[in-house]
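Step one of this worksheet: look at the structure below.
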Amino acid sequence: MFAIVDCNSFYCSCERLFKPAIWNKPVVVLSNNDGCIVSRTDEAKKLGVGMAAPYYQNKELIEENDVAVFSSNYNLYGDLSMRVMDTLRYLAGEENVEVYSVDEAFLKLEHIPIDQLEPAALHIKETVEQWTGIKVSVGVAPSKVLSKVANRLSKKSKVATNCIMVLRTEEEIQQALFKTPVNDIWGVGGRYAYKLKEQYGIYDAWQLRNMPVEWGKKNLGGVVGERLIKELNGTPCIEMKYPLENKKMIATTRMFGKPVTELKFLKEAVATYTSRAAEKLRRQSSAAKFIDVFVVTNDYEGKQYQYDPQSKHKYITLPYATSFTNELLHYALPLVDKLYKPGSRYLKAGVMLGGIVPDESIQGNLFLSPAKNTRRTLMEAVDNINFSQRDDVVKYVSSGLTRNWKMRQEMRSGRYTTRWEELFEVH
DNA sequence: TCTGGGGTCCTAGGACCC
DNA sequence: TCTGGGGTCCTAGGACCC
């Protein structure tokens with residue numbers, strides 16, 4: 001059996017943890033650059049605040065109803081996420097936990113007798129809540145897709161279910177699938193949902209479950225559709241994934257606080273993102289052979305203002321894989337010159353690293369030049385300093401010093417658990 | 001008159017997730 | 001004036017090899 005443990009309104013719950021004044025008030029958390037609403041409490045949902053809705057479109061509703069608003073505070077969320085995951089690993093055993101996202105984990109519950117699943121789920125839920133202060137929902141079923149179905153339904157009626165749902169019998173599964181529209185199935189996005197309804201008249205998970213596997217293979221993206229239908233039938237096809245694998249692509253991209261028009265600032269931003277991506281690369285002991293730099297513009301010369309972003313990419317394949325920031329910058333920055341057009345308004349830029357391989361220069365190495373060995377030590381020192389400060393206090397000058405293109409974060413709360421000077425105080 | 005088959009590697013693009 | 005960021009997996013098709 002699989003369980004999915006999912007934190008309720010995770011970012012909002014993190015904010016509430018340190019602020020009793022908003023325990024019973026609606027709360028929302030915004031995406032980077034204060035653009036969209038990415039987390040809402042039940043009270044905020046009830047008011048009609050949509051998921052991923054632009055903030056400025058909901059501002060009135062939010063102000064009228066005294067909703068607490070926060071910019072995202074990844075230092076805080078990341079740290080609390082680690083505490084939740086550590087608790088789950090303690091409870092289920094490290095080898096039975098797959099961290100699926102910042103606020104979700106799959107658990108493999110093999111050793112637990114069927115009639116003990118419910119108490120086990122309750123124990124997990126109560127322990128996490130007691131140890132971390134974060135509320136969670138638990139869905140348990142014979143496959144990952146079905147556990148997601150159970151989890152979603154448990155959240156829909158929190159009082160009746162106590163945020164726990166276990167699907168064991170055929171009847172329980174059937175009832176749950178009846179109540180699940182296709183667009184709420186894990187693995188069915190907007191495109192497939194539209195296709196299922198319009199083209200095939202399939203509206204709920206029960207109908208989809210009863211389609212032949214071959215049909216799924218033909219119409220829902222090959223083996224992806226095949227697996228989906230099998231999973232809905234209770235045959236697990238999506239196995240647990242363990243975090244040994246390295247990332248195959250590393251990206252750092254950001255919107256600007258306000259549109260950028262000067263080449264100098266565009267380059268600063270790309271240098272900053274390259275440094276950040278290089279840091280992620282080194283953290284998994286990899287090197288990259290491929291750099292893709294892209295920019296997003298919103299130009300409307302002569303026309304009326306229109307939100308119509310256009311993206312342009314330039315990429316380069318390096319002569320050899322590297323994880324040194326200065327080498328990556330050396331190849332990345334000229335791409336900005338190629339992309340830049342005077343007069344354009346740049347909204348966003350990004351850097352993607354690909355062709356990722358294990359980093360062979362990681363050990364001091366007799367066959368590397370002395371300069372390279374020194375640089376390795378330098379990178380390590382920089383990474384250590386920046387990590388200990390949870391900020392890039394040591395950086396390349398090409399990243400800029402003032403950085404007035406940086407994203408907006410006007411309503412960020414304190415980094416209570418990761419910064420000494422922002423430690424939460426009780427008076 | 002007749003012109004193979006099997007394989008790898010790479011990239012672009014489409015779909016999805018939170 | 002204002003709409004996030006960071007990923008994954010899969011397929012098709014082209015280049016190239018013997």
Side-chain angles (χ1 to χ4, degrees), chain A residues 4-11 28-40 50-60 62 71-72 74 77-78 81 98-106 144-145 148 151-152 182-196 216-228 231 237-239 241 243 245-259 273 276-277 280-281 284 289-290 292 294 296 298 300 304-309 311 313 315 317 345 347-356 407-410:
Chain A
I4 178 97
V5 180
D6 188 323
C7 302
N8 300 345
S9 311
F10 181 55
Y11 292 175
V28 300
V29 174
L30 307 180
S31 65
N32 272 328
N33 217 31
D34 296 342
C36 293
I37 294 158
V38 289
S39 181
R40 308 159 295 158
M51 184 57 179
Y55 173 48
Y56 77 97
Q57 283 178 6
N58 286 267
K59 222 164 181 170
E60 216 166 289
I62 285 171
S71 301
S72 32
Y74 293 109
Y77 313 150
S81 168
E98 171 190 338
V99 177
Y100 178 65
S101 75
V102 69
D103 72 328
E104 276 179 61
F106 285 106
K144 279 185 171 177
V145 169
K148 289 283 248 181
N151 187 278
R152 174 180 163 277
V182 282
N183 41 292
D184 285 327
I185 301 170
W186 186 53
V188 177
R191 298 294 174 100
Y192 286 163
Y194 180 83
K195 190 168 165 185
L196 285 170
K217 191 171 183 174
K218 217 175 128 201
N219 297 292
L220 295 175
V223 301
V224 176
E226 185 180 347
R227 281 199 297 239
L228 182 60
E231 284 257 329
C237 305
I238 308 174
E239 276 310 315
K241 264 185 66 182
E245 302 136 53
N246 283 329
K247 298 206 162 83
K248 294 162 187 162
M249 181 202 102
I250 288 174
T252 304
T253 71
R254 294 276 179 287
M255 296 283 299
F256 299 128
K258 52 179 191 260
Y273 305 157
R276 180 83 189 96
K280 295 184 198 170
L281 195 61
Q284 63 168 42
K289 229 182 302 193
F290 178 82
D292 180 338
F294 71 92
V296 177
N298 187 32
Y300 50 96
Q304 265 206 319
Y305 176 79
Q306 203 182 347
Y307 185 65
D308 181 26
S311 73
H313 291 253
Y315 56 82
T317 302
R345 301 165 75 251
L347 303 183
K348 177 180 185 172
V351 174
M352 289 195 271
L353 302 180
I356 290 177
M407 65 179 175
R408 281 191 299 269
Q409 273 196 318
E410 285 160 5

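Just so you know, these numbers use all the heavy atoms, side chains as well, and skip hydrogens, waters and symmetry mates. This one's a predicted model, so the numbers in the text were calculated from it and none came from an experiment. Every chain is numbered from 1 and lettered A, B, ... according to where its sequence line falls, protein lines coming before strand lines.
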Expressed in angstrom and rounded to an integer, what is the separation of [X] atom [atom1] from [N] atom [atom2]?
{"X": "E410(A)", "N": "dG4(C)", "atom1": "CD", "atom2": "C1'", "result": "16 Å"}
{"X": "M249(A)", "N": "dG5(C)", "atom1": "CE", "atom2": "P", "result": "13 Å"}
{"X": "Y77(A)", "N": "dG4(C)", "atom1": "OH", "atom2": "C1'", "result": "13 Å"}
{"X": "M255(A)", "N": "dG4(C)", "atom1": "CE", "atom2": "C1'", "result": "8 Å"}
{"X": "Y74(A)", "N": "dG5(C)", "atom1": "OH", "atom2": "P", "result": "8 Å"}
{"X": "D184(A)", "N": "dC17(B)", "atom1": "CG", "atom2": "P", "result": "10 Å"}
{"X": "L353(A)", "N": "dG7(C)", "atom1": "CG", "atom2": "P", "result": "10 Å"}
{"X": "R40(A)", "N": "dC18(B)", "atom1": "CZ", "atom2": "P", "result": "13 Å"}

* **G-U wobble or Watson-Crick pairing nucleotide for dC18(C) (cut-off 3.5 Å, both distances)** =>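 Across all strands, the one nucleotide that pairs with dC18(C) is dG5(B).
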
* Begin with the C-alpha distance, continue with both residues' side-chain angles, and end with the deciding distance and a verdict on side chain to side chain contact (heavy atoms under 4.5 Å, CB included) for K144(A) and I238(A). => CA-CA 7 Å; K144(A) 279 185 171 177; I238(A) 308 174; 3.9 Å; yes

Could I get a table of every N or O pair under 3.5 Å where one atom is in the protein and the other is in nucleotides 8-15 of chain B?
from, atom 1, to, atom 2, distance (Å)
dA12(B), OP1, Y315(A), OH, 3.4
dA15(B), OP2, R191(A), NH1, 2.6

At under 4.0 Å between heavy atoms, what does [X] touch on the DNA or RNA strands: base, sugar-phosphate, or nothing?
{"X": "K148(A)", "answer": "sugar-phosphate"}
{"X": "K348(A)", "answer": "sugar-phosphate"}
{"X": "T252(A)", "answer": "sugar-phosphate"}
{"X": "V102(A)", "answer": "nothing"}
{"X": "L30(A)", "answer": "nothing"}
{"X": "N32(A)", "answer": "sugar-phosphate"}
{"X": "R227(A)", "answer": "sugar-phosphate"}
{"X": "I185(A)", "answer": "sugar-phosphate"}

* Ignoring hydrogens and angles, tell me if any N or O in the side chain of K280(A) forms a donor-acceptor pair with the backbone of A251(A) under 3.5 Å. =>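 Here the side-chain-to-backbone pair exists.
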
* Side-chain (S9(A)) to main-chain (R40(A)) donor-acceptor, under 3.5 angstrom ->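 Yes; judged by distance alone, with no hydrogens or angles, the pair exists.
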
* So does E104(A) pair up with K148(A), basic N to acidic O under 4.0 Å? ->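 Salt bridge: yes.
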
* Taking the side chain as C-beta and beyond, is there a heavy-atom pair between L220(A) and V188(A) under 4.5 Å? ->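 No, too far: nothing below the 4.5 Å cut-off.
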
* Asked: Is the closest side-chain heavy-atom distance between I37(A) and I62(A) below 4.5 Å?
  ->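 The answer is yes, as the side chains (C-beta and beyond) meet within the 4.5 Å cut-off.
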
* To do: Measure the acute angle between the ring planes of F256(A) and Y273(A), then classify it against the limits of 30° and 60° as parallel, tilted or perpendicular.
  =>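 The arrangement is parallel - the two ring planes meet at less than 30°.
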
Kindly point out which of [options] is positioned nearest to the side chain of [X]?
{"X": "C36(A)", "options": "dT3(C), dC2(C), dG7(C)", "answer": "dT3(C)"}
{"X": "D103(A)", "options": "dG6(C), dC18(B), dC2(C)", "answer": "dC18(B)"}
{"X": "T253(A)", "options": "dG6(C), dT3(C), dG7(C)", "answer": "dG6(C)"}
{"X": "W186(A)", "options": "dC17(B), dC2(C), dG6(C)", "answer": "dC17(B)"}

* Asked: Are there more than 12 heavy atoms of other residues, nucleotides or ligands under 6.0 Å from atom NZ of K195(A)?
  ->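 Counting other residues, nucleotides and ligands, NZ of K195(A) exceeds 12 neighbours.
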
* Toward the 5' end of DNA chain C, which comes first, D34(A) or R254(A), by nearest nucleotide? ->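 Counting from the 5' end, the first nearest nucleotide belongs to D34(A).
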
* Earlier contact from the 5' end, DNA chain C, for P259(A) and A251(A) ->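 The residue mapped nearer the 5' terminus is P259(A).
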
* Taking the C1' atom of each, how far is dC17(B) from dG4(C), in whole Å? ->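 Their C1' atoms lie roughly 15 Å apart.
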
* **Aromatic centroids of W186(A) and F106(A) separated by under 6.0 Å** =>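 Centroid distance F106(A)-W186(A): below 6.0 Å, so yes.
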
